[in-house]
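Reviewing the structure listed below.
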Protein chains: 2
Amino acid sequence: MSNTSKSERARPYAGESRATREAARRERLIAAAISVFGTTGYRDATVGGVCEVAGLNKRYFYESFATLEDLLCAVYEVVVADLRRAVLAAEGNDPVTVVRGFIDGFLRWVQDNPVESRVHLFEVLGVSARVDELYRGHARSVGDELCDRLVPTIPGLEPTPGQRRFVGDALVGAGIQIAVDWVLSEQQPPREELLAELDGVLGSLLQLL
Amino acid sequence: MSNTSKSERARPYAGESRATREAARRERLIAAAISVFGTTGYRDATVGGVCEVAGLNKRYFYESFATLEDLLCAVYEVVVADLRRAVLAAEGNDPVTVVRGFIDGFLRWVQDNPVESRVHLFEVLGVSARVDELYRGHARSVGDELCDRLVPTIPGLEPTPGQRRFVGDALVGAGIQIAVDWVLSEQQPPREELLAELDGVLGSLLQLL
DNA sequence: GCAAACTGGTACGGCTTCGTACCAGAAAGG
DNA sequence: CCTTTCTGGTACGAAGCCGTACCAGTTTGC
């Protein structure tokens, strides 16, 4: 019996190689899944539903993913990379600017990406140990990066790794909670007002120094 | 047709009135659900599964709840009441004590209640708009209470409602993130060490003042 | 006792999703 | 062309859960 595996007699189709077509389908599935998970919600999502939105046969789902959870993980990687870019975009040489830039970037991203933000703020949570692990890794990574930017702005500070983890978690956790609260609020104050409140808090903190 | 509704010809059974029996069954369902949601997870939970653990016929589920989500809400109210007691147990007249007591109470509760904490930290998230609303309400409430205790310990501070909300969210969010990170790292390091790190951070903050 | 209410166990139809298979038509290659 | 691969649409069995109904045995009120 000769090798009859799928990749054996691969041919171009519509001018694209097999690998290119597979990758394109994978991207379409991920894009469709972001839409479905971010609107209907992951809990009510089905393989068939995602494929319908993607305009692909169910067969092609299993070509790229084994389970819906695998697709969720791929979706999350895309979403979190985008968020990471947003919250770490700002530069700053003093603590207030760093923290303010982080929160501002977060709220901006949530506002500009309502679907993706629902995926990140709600849908990926509590799905499975594996997804939780992913989530924790990225949260820690962003927290570490924030610490890296924050610590040098405060001379004479040499936190232990454990303290850095504490500060990173606290910053990320605070940002998430503020974002979640903002999203779930019935009447959302404009982002600018929220940031003005933040400035007030940070100002009071500085005044105490 | 005479009234044949269930409550019409109610009789005591095993010495208990109908209302008492119904309430007892409800409690058993809630207790079973905490166990199921906190171990198997809400996502994989079924009505039949919860009833089996509770040792009750499925019929009695629908006697007290219309959907599994209703039961989750009831479960959450029980769990959050317990957590609330834990995180607000400590007294304190200075900011460091208040914050430390909050974090300490949170971690203690997580450590002593692994099942309930999984429900609160993971399972209730991203279920539905209704559950999210519940979650947000309790988080805000705890944040407000923390603010109420924190603000008087810092003389000359009169935060606006918006600023109070900011601080409350930040505290609660930081606490949750720290707890989640701790749980996902299998509670390493031990709670005492983690609190020592917190003391270090708070100490550095004070030193800056 | 005896009828009526209650309990716990089992059973069943209906529904939804999964994962795969089949089929007809388009595109590629010799 | 004519065969082979690829695509998209439809179909189908298997499985799990829902919500309800039925049934046998117990407890209660009269």
Side-chain angles (χ1 to χ4, degrees), chain A residues 1-29 31-33 36-37 40-72 123 127-128, chain B residues 1-29 31-33 36-37 40-72 123 127-128:
Chain A
M1 56 182 78
S2 62
N3 192 337
T4 53
S5 78
K6 218 191 303 183
S7 56
E8 186 64 14
R9 307 210 167 193
R11 285 184 183 173
Y13 199 82
E16 306 290 344
S17 72
R18 161 168 289 279
T20 307
R21 279 174 286 139
E22 276 195 21
R25 283 193 287 260
R26 193 187 144 94
E27 291 309 310
R28 285 173 68 185
L29 283 168
V36 171
F37 296 166
T40 309
Y42 175 72
R43 199 156 247 131
D44 294 328
T46 64
V47 172
V50 172
C51 290
E52 196 175 357
V53 173
L56 288 173
N57 191 285
K58 271 202 283 180
R59 184 198 334 153
Y60 296 121
F61 175 89
Y62 297 101
E63 175 186 70
S64 289
F65 306 99
T67 68
L68 207 59
E69 190 183 313
D70 287 348
L71 176 53
L72 177 66
E123 300 304 325
V127 170
S128 70
Chain B
M1 54 181 80
S2 61
N3 192 337
T4 53
S5 79
K6 217 191 303 184
S7 57
E8 187 65 15
R9 307 208 168 194
R11 285 182 183 174
Y13 199 83
E16 307 291 344
S17 73
R18 160 168 289 279
T20 306
R21 279 175 286 139
E22 277 194 21
R25 283 193 288 259
R26 193 187 143 93
E27 291 308 311
R28 284 173 67 184
L29 283 168
V36 171
F37 296 166
T40 308
Y42 174 72
R43 201 154 244 131
D44 295 327
T46 64
V47 173
V50 171
C51 290
E52 196 174 358
V53 173
L56 288 173
N57 192 285
K58 271 203 283 181
R59 183 200 332 156
Y60 296 121
F61 175 88
Y62 297 100
E63 175 186 73
S64 288
F65 307 98
T67 67
L68 207 58
E69 190 183 314
D70 288 349
L71 176 53
L72 177 67
E123 300 305 324
V127 170
S128 70

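No experiment lies behind these values; they were computed from the predicted model shown. Each chain gets a letter, A, B and so on, in the order the sequences are listed, and its residues count up from 1.
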* Rounded to whole angstrom units, what separation is found between the CG atom of B:Asn57 and the P atom of D:dC18? -> 14 Å
* Asked: In whole angstrom, what separates B:Leu71's CG from D:dC17's P?
  -> 16 Å
* **Strand contacts (DNA chain D) in residues 48-56 of chain B, 4.0 angstrom heavy-atom criterion** => B:Gly48
* Taking the side chain as every heavy atom from C-beta outward, state whether A:Val47 and A:Tyr62 have any atom pair closer than 4.5 Å. => yes
* Please examine the side chains of B:Tyr60 and B:Arg21, heavy atoms only from C-beta on, and report whether any two atoms are closer than 4.5 Å. => no
* Would you give the length of the straight line joining atom CG of B:Leu68 to atom OG1 of B:Thr46, rounded to the nearest 0.5 angstrom? => 7.5 Å
* **Within 6.0 angstrom of A:Glu52 CD, more than 12 heavy atoms from elsewhere** => no
* Could you tell me which non-hydrogen atom of A:Ser128 sits nearest to which non-hydrogen atom of A:Glu69, and how far apart they are? => OG-OE2, 2.8 Å
* **Taking every non-hydrogen atom, the tightest pair across A:Glu16 and A:Thr20** => OE1-CG2, 3.2 Å
* May I have the distance from A:Leu68 (atom CG) to C:dT17 (atom C1'), rounded to whole angstrom? => 11 Å
* **Interatomic distance, B:Leu71 atom CG to B:Phe61 atom CZ [nearest 0.5 angstrom]** => 5.5 Å
* Whole angstrom is fine here: how far is it from CD in B:Glu22 over to C1' in C:dA5? => 14 Å
* To do: Round to a whole Å and report the spacing from CD of A:Glu63 to C1' of D:dC6.
  => 11 Å
* D:dG8, C:dT7, D:dT20: which one has an atom nearest the side-chain heavy atoms of B:Lys58? -> D:dT20
* To do: Between protein and nucleotides 23-30 of chain C, map the contacts as a letter string: B base, S sugar-phosphate only, - none, heavy atoms under 4.0 Å, written 5' to 3'.
  => ---BSBS-
* Step by step, would you call A:Asn57 with A:Cys51 a side-chain contact (heavy atoms from CB on, under 4.5 Å)? -> CA-CA 6 Å; A:Asn57 191 285; A:Cys51 290; over 6 Å; no
* Whole angstrom value for the distance that separates P of D:dA21 from OH of B:Tyr62 -> 12 Å
* Tell me: CD of A:Glu69 to P of C:dG19, nearest whole Å? -> 12 Å
* Structure fact -> The side-chain hydrogen bond (donor to acceptor under 3.5 Å, both in side chains) partners of A:Arg25 (sequence neighbours excluded) come to A:Glu63
* Asked: Any side-chain N or O of A:Arg18 under 4.0 Å from OP1/OP2 of D:dT5?
  -> no
* Rounded distance (Å) that lies between atom P of C:dT7 and atom CZ of B:Phe61 -> 17 Å
